[in-house]
Protein chains: 2
Amino acid sequence: MTKPRQQDAPPVVEHVSDDTLRQFVGYHVKRAMNVIQGDLAKTLRPFDLRMVTYSALVLIVDNPGLRQSQLATAMDVERPNLVVIIDELERRDLILREKVPTDRRAYALMPTLAGRQLCDKAIAAVKAHEARLLAGLAPPEIKEVVRALSQIELRGSEE
Amino acid sequence: MTKPRQQDAPPVVEHVSDDTLRQFVGYHVKRAMNVIQGDLAKTLRPFDLRMVTYSALVLIVDNPGLRQSQLATAMDVERPNLVVIIDELERRDLILREKVPTDRRAYALMPTLAGRQLCDKAIAAVKAHEARLLAGLAPPEIKEVVRALSQIELRGSEE
DNA sequence: TATAATAGTTATAATTCATAACTATTAGAG
DNA sequence: CTCTAATAGTTATGAATTATAACTATTATA
């Protein structure tokens, strides 16, 4: 005999079980990602940055002179969608589109001083917030996680 | 002296470095998530399911009788957005909205036989695909990753 | 009984993501 | 060397996802 049910009424669910989904690593990744994304958004708000503008800025600071198409590929964003991101960063004078004399179709993306400074501050803030999220995890554990996630990422690119 | 640059031209970036972002676990989670999400979408396409409809179906099969608001909370989806998801599953006769005699505002979500069957098949397919993504990772490593991700998830909910 | 709260819905806006087509320019085949 | 194809960036646009306000019906509570 199963749970007693009055008449023909549907069972009342007191606690929702997601055990089946929990067997999938992907589910855990998704839920962790939700938390991380929410935390990141909150962290970046004071800098008036979103996740995309933040990562674009970091990549430009780290790779001064790169082209928009390179950045789009690195960020896994369609070229048309990158345009507005770059527009926004340029409008705020965090980066600039520098003309490339050897190829007049392309722009070399360069960070400004303000861009580098904001980037540094944002990175520091993100670092602090991430540390709080990862509190309770020992460094070797974290290394292990990163290794595993990289492995998954790799599997994806070799399709 | 740094890299030689002809005249005043911006440096040419041959390889885009994302080392700065790689220091963040969140970045790795995001990139792994992209791969997983793409793989999942491909896996579910033959069943005419998307990630949201799939997880909704699984949760309904595992928790027959649950209410839409419970499901919305479990899935981290706004109630209005869940309506169309449930509509879709119901239209395909995978689930049904059963009237609750004790509360005439609410619907108890129940899977149909077809729903349970499709769910089983989809779960099997996802399991197989995930196994391929995780090939190269030993079971204890996977356990470690899940533990770490759960920890992150937890940190988020205790804000 | 009156008021507040809840379940589900509708309508709608904001945001994100994807696609086609265009201009200007460069590279490559012949 | 010229013609064609390919590339960089852009514009326009649409699809999909996500979020918000307000509504109906019903239940819980003061």
Side-chain angles (χ1 to χ4, degrees), chain A residues 9-10 12-14 16 30 33-34 37-38 40-42 44-45 48-56 60 63 65-91 95-110, chain B residues 9-10 12-14 16 30 33-34 37-38 40-42 44-45 48-56 60 63 65-91 95-110:
Chain A
V12 170
V13 176
E14 67 301 318
V16 179
K30 170 94 168 80
M33 188 61 220
N34 281 351
Q37 191 151 347
L40 184 62
K42 248 196 327 197
L44 294 176
R45 195 153 311 136
D48 219 332
L49 290 171
R50 288 166 296 139
M51 188 164 58
V52 276
T53 49
Y54 166 70
S55 34
I60 293 169
N63 302 275
L66 90 170
R67 310 299 160 81
Q68 287 184 206
S69 46
Q70 291 181 301
L71 183 55
T73 305
M75 290 179 61
D76 249 312
V77 162
E78 297 302 320
R79 263 75 51 109
N81 296 328
L82 184 66
V83 173
V84 304
I85 296 170
I86 298 303
D87 281 350
E88 185 181 329
L89 292 174
E90 192 179 35
R91 188 178 38 74
I95 68 162
L96 43 85
R97 288 186 243 235
E98 205 170 280
K99 291 228 171 91
V100 176
T102 61
D103 186 344
R104 296 191 299 176
R105 294 169 299 183
Y107 289 117
L109 302 175
M110 302 291 289
Chain B
V12 169
V13 176
E14 66 303 317
V16 179
K30 170 95 168 79
M33 189 62 220
N34 281 350
Q37 191 151 346
L40 184 61
K42 249 196 325 196
L44 294 176
R45 194 152 312 136
D48 219 333
L49 290 170
R50 288 165 298 139
M51 188 164 58
V52 276
T53 50
Y54 167 71
S55 36
I60 293 168
N63 302 274
L66 90 169
R67 310 300 159 82
Q68 287 184 206
S69 47
Q70 290 180 302
L71 183 55
T73 306
M75 290 179 61
D76 251 310
V77 162
E78 296 303 319
R79 262 75 50 110
N81 296 328
L82 185 66
V83 173
V84 303
I85 296 171
I86 297 304
D87 281 349
E88 186 181 328
L89 292 175
E90 192 180 34
R91 186 177 39 74
I95 68 162
L96 42 85
R97 287 187 242 234
E98 204 170 280
K99 292 229 171 92
V100 176
T102 61
D103 186 344
R104 295 191 302 176
R105 294 169 301 183
Y107 289 117
L109 302 175
M110 301 290 289

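Quick note on labels: first sequence line is chain A, next is B, and so on, each numbered from 1.
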By side chain to side chain donor-acceptor pair (under 3.5 Å), which residues pair with A:Asp48, not counting sequence neighbours? none

List in chain and number order the residues that pass side chain to side chain donor-acceptor pair (under 3.5 Å) with B:Asn81, two or more places apart in sequence or in another chain; answer none if no residue qualifies. none

Please evaluate residues B:Arg104 and B:Lys99 with respect to the criterion side-chain contact (heavy atoms from CB on, under 4.5 Å), reporting the C-alpha separation (whole Å), side-chain torsions for both, the decisive distance (0.1 Å), and the verdict. CA-CA 7 Å; B:Arg104 295 191 302 176; B:Lys99 292 229 171 92; over 6 Å; no

Could you tell me the boundaries of the chain B footprint on DNA chain D, defined by atoms under 4.0 Å from its heavy atoms? D:dT17 to D:dT27

As an exercise, state the distance from NZ of A:Lys30 to CG of B:Asp76, rounded to the nearest 0.5 Å. 8.0 Å

Please enumerate all residues that pass salt bridge (Lys or Arg N to Asp or Glu O under 4.0 Å) together with B:Arg79, with sequence neighbours excluded. none

Ranking B:Arg79 and A:Arg104 by the position along DNA chain C of their nearest nucleotide, the one closer to 5' is B:Arg79

Nucleotides 12-17 of chain C: protein proximity per nucleotide (B base, S sugar-phosphate only, - neither; heavy atom, under 4.0 Å): ----SB

Check this for me: A:Tyr54, atom OH, are more than 12 non-hydrogen atoms of other residues, nucleotides or ligands nearer than 6.0 Å? yes

Quick one: list whatever passes side-chain contact (heavy atoms from CB on, under 4.5 Å) with B:Leu66, sequence neighbours left out. A:Val13, A:Val16, B:Ile60, B:Asn63, B:Gln70, B:Leu71, B:Leu109

Heavy-atom donor-acceptor pair, A:Glu90 side chain to A:Arg97 backbone, under 3.5 Å: yes

Pairwise 5' ranking along DNA chain C for A:Arg105 and A:Asp76, keeping only the more 5' one: A:Asp76

